[in-house]
Each structure stands twice: as structure tokens, then as C-alpha cells.
Amino acid sequence: MRFDILSIFPGALRGLLSVGILGQAQAAGLIDVRLHDLRAFTDDPHRIVDDRPYGGGAGMLMKVEPFVRGIETIKADSGSNVRTILLSPQGRLFRQSDAADWARLDGLILLCGRYEGVDERVIGFVDEEISIGDYVLAGGEAAAAVVVEATARMTPGVVGKFDSIESDSFYEKPRLGAPQYTRPPEFRGLRVPEVLLSGDHAKIEAFREAEAWKKTTRNRPELLGLSLEETTEDG
Ligand code: ADE
């Protein structure tokens with residue numbers, strides 16, 4: 001699967017996307033991450049990518065033309081089953097199921113905004129506007145990295161058998177993963193739950209299942225359709 005990222009800071013993503021399983025997946029040819037400098041798609045000598053908003057207002061907006069030229073150039077050289085996403089705090093929230101769906105595509109083209117936002121006409125050239133959470137980042141780069149990592153992990157072969165995606169939070173069910181422990185068996189009086197040391201796989205599985213639901217109820221009750229009051233004893 002191929003990821004094309006359009007940004008005015010393409011170098012900012014290079015390190016993060018080249019380590020760990022993403023680095024291994026690229027070396028193995030399972031994913032191909034291409035970083036594009038948005039300024040390469042400008043047509044003026046100053047390579048300007050931003051301008052003042054019509055109607056006034058604070059700050060600068062990203063211009064429509066470099067993004068559209070970038071999308072068209074990338075599409076001319078990529079597979080047909082490609083999805084174009086604008087990262088923005090005004091988009092629909094990104095979910096694990098999107099990562100699973102998009103991992104079946106030939107490619108994702110990710111557009112990173114900066115400044116006060118992006119000319120609204122860019123939306124007409126993308127499939128979707130996506131946000132990674134209800135907060136405002138300085139730009140779409142960190143959000144693009146989140147989408148690439150989550151989607152790459154779901155690409156067949158990227159996550160090996162020692163790092164299973166089946167025990168992940170949100171894997172096929174809206175709930176968190178079970179708490180996990182490693183050596184030592186005791187640290188400052190805190191003991192690893194005895195059942196995990198028992199070797200009894202059926203009991204371990206039942207324990208993990210119960211703990212996963214407990215943790216989801218405590219930390220993310222809305223995933224289970226519960227309100228916070230329903231999950232607290234004194235509420
Ligand atoms: N750019 C700025 N904030 C963002 C967010 N929350 N999600 C995606 N892109 C963004």
C-alpha cells in the first residue's frame with residue numbers, strides 16, 4: 001500500500017515514519033511512504049502556499065491550487081483504488097475501522113493543512129475531511145502520521161505474529177485492550193495478577209476479557225453506550 005503525504009514540512013514526518021514496524025514494512029516493500037513538498041506544486045517564483053482570507057479575519061489560509069496540482073500529479077502516477085483525505089479539525093473523526101478499510105486500498109493521499117486552515121474549495125477535490133480528535137493541532141502533519149501508522153498496522157503482513165492486532169483496543173469491538181504485564185512478577189509490592197502466571201490459558205483468556213470490559217467501563221463508558229454516572233458507584 002502506498003501513502004502520499006502533501007505538506008509544507010515533509011521532513012518533519014520522515015523520522016517518525018521510518019522507525020519500528022513502519023520502517024520494517026517499508027524495507028520489506030509492504031508499504032511505500034512518499035513525502036511531497038507542497039511548495040513543489042506552486043507556480044510562482046516565491047513558491048507561495050498561503051494567502052489572506054477573503055472577507056477579512058485573522059491569519060492566513062492555505063491556497064487551493066498547490067493542493068489540487070499535488071493531488072493530480074500523485075494520482076497520475078498511482079493505482080486506481082486511491083482515497084484522498086484532508087486532515088482538518090473540522091473533519092469526521094478517524095476510527096480504527098477506517099484504518100482497517102483503508103488498508104485494503106492501493107493508496108491514501110493525505111493533505112496536511114497549516115496556518116488558520118485551508119481554502120474550502122480544496123474539499124471538492126478530496127474524498128473526505130478527517131479529524132483525529134476534538135482539539136486543534138498546529139498542522140495536519142501529526143494527524144497524517146497517526147493515520148499512516150494506524151492504517152499501515154492493518155495492512156496484511158505489517159504486524160508480525162509477536163505483535164498481534166487481535167488483542168488491540170478497538171479490534172472488531174468498540175472496547176479497550178486488556179491490561180498487560182511483563183517481568184518482574186513483583187515491583188514495589190505491586191504483584192502481577194496470579195492467573196497470568198498460572199499457565200491456564202482458558203482462565204487467562206477469561207481474565208483478560210473481564211479486565212478489558214472493566215477498563216472500558218472505567219475509561220471509555222461511551223463506547224458501551226453508558227453515561228459516566230452509570231459507571232460510578234456514587235453517581
Ligand atoms: N489539523 C489541526 N488539527 C487537526 C485535527 N484535530 N485532526 C486532523 N487534522 C488537524
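In listed order, ligands and their atoms are each counted from 1.
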Taking only heavy atoms of [X] into account, list the atoms of ligand 1 that are under 4.0 Å away from them.
X	result
Gly139	1 (N)
Ser131	5 (C), 6 (N), 7 (N), 8 (C)
Ile130	8 (C)

Identity and distance of the protein heavy atom lying nearest [atom]:
atom	answer
atom 1 (N) of ligand 1	Pro89 CD, 3.6 Å
atom 6 (N) of ligand 1	Tyr135 O, 2.8 Å
atom 9 (N) of ligand 1	Ser88 N, 3.2 Å

Practice prompt. Assess Ala138 for proximity to ligand 1: is some non-hydrogen atom of it under 4.0 Å away?
Written response: no
Discussion item. Is Gly133 close enough to touch ligand 1? Criterion: a residue heavy atom under 4.0 Å from a ligand atom.
Written reply: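 The answer is yes: ligand 1 sits under 4.0 Å from a heavy atom of Gly133.
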Mind listing the closest non-hydrogen atom pair of [X] and [Y] along with its distance?
X	Y	answer
Gly113	Glu141	O-OE1, 4.1 Å
Lys63	Asp119	C-CB, 4.5 Å
His36	Phe41	CB-CE1, 4.1 Å

Worksheet entry | Sub-3.5 Å N/O-N/O distance, Leu137 and ligand 1 |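 Yes - when backbone and side-chain N and O of Leu137 are compared with those of ligand 1, one distance drops under 3.5 Å.
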Worksheet item: ligand 1 and Ile132, any nitrogen or oxygen pair closer than 3.5 angstrom?
Response: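 Between Ile132 and ligand 1 (N or O atoms, distance only) the closest approach is under 3.5 Å.
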Worksheet item: Is it true that Glu65 and Arg47 have a side-chain N and a carboxylate O under 4.0 angstrom from each other?
Response: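 No salt bridge links Glu65 with Arg47.
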Worksheet entry | Asp77/Arg2 salt bridge by N-O under 4.0 Å criterion |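 Looking at Arg2 and Asp77, the cut-off is met.
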Worksheet item: In terms of hydrophobic clustering (I, L, V, M, F, W, Y; side-chain heavy atoms under 4.5 Å; direct or indirect links), are Leu197 and Val195 co-clustered?
Response: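 Shared cluster, yes.
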Worksheet entry | Arg92 atom CZ, over 12 foreign heavy atoms within 6.0 Å |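 Yes - once you tally the heavy atoms of other residues, nucleotides and ligands closer than 6.0 Å, there are more than 12.
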Discussion item. Applying a heavy-atom cut-off of 4.0 Å, say which part of Asp134 lies close to ligand 1: side chain, backbone, both or neither.
Written reply: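 Under 4.0 Å from ligand 1, Asp134 contributes no heavy atoms.
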Discussion item. One residue to check: Ala143. Relative to ligand 1, which of side chain, backbone, both or neither has a non-hydrogen atom less than 4.0 Å away?
Written reply: side chain
Worksheet item: Can we call the ring centroids of Trp102 and Phe3 under 6.0 Å apart?
Response: no
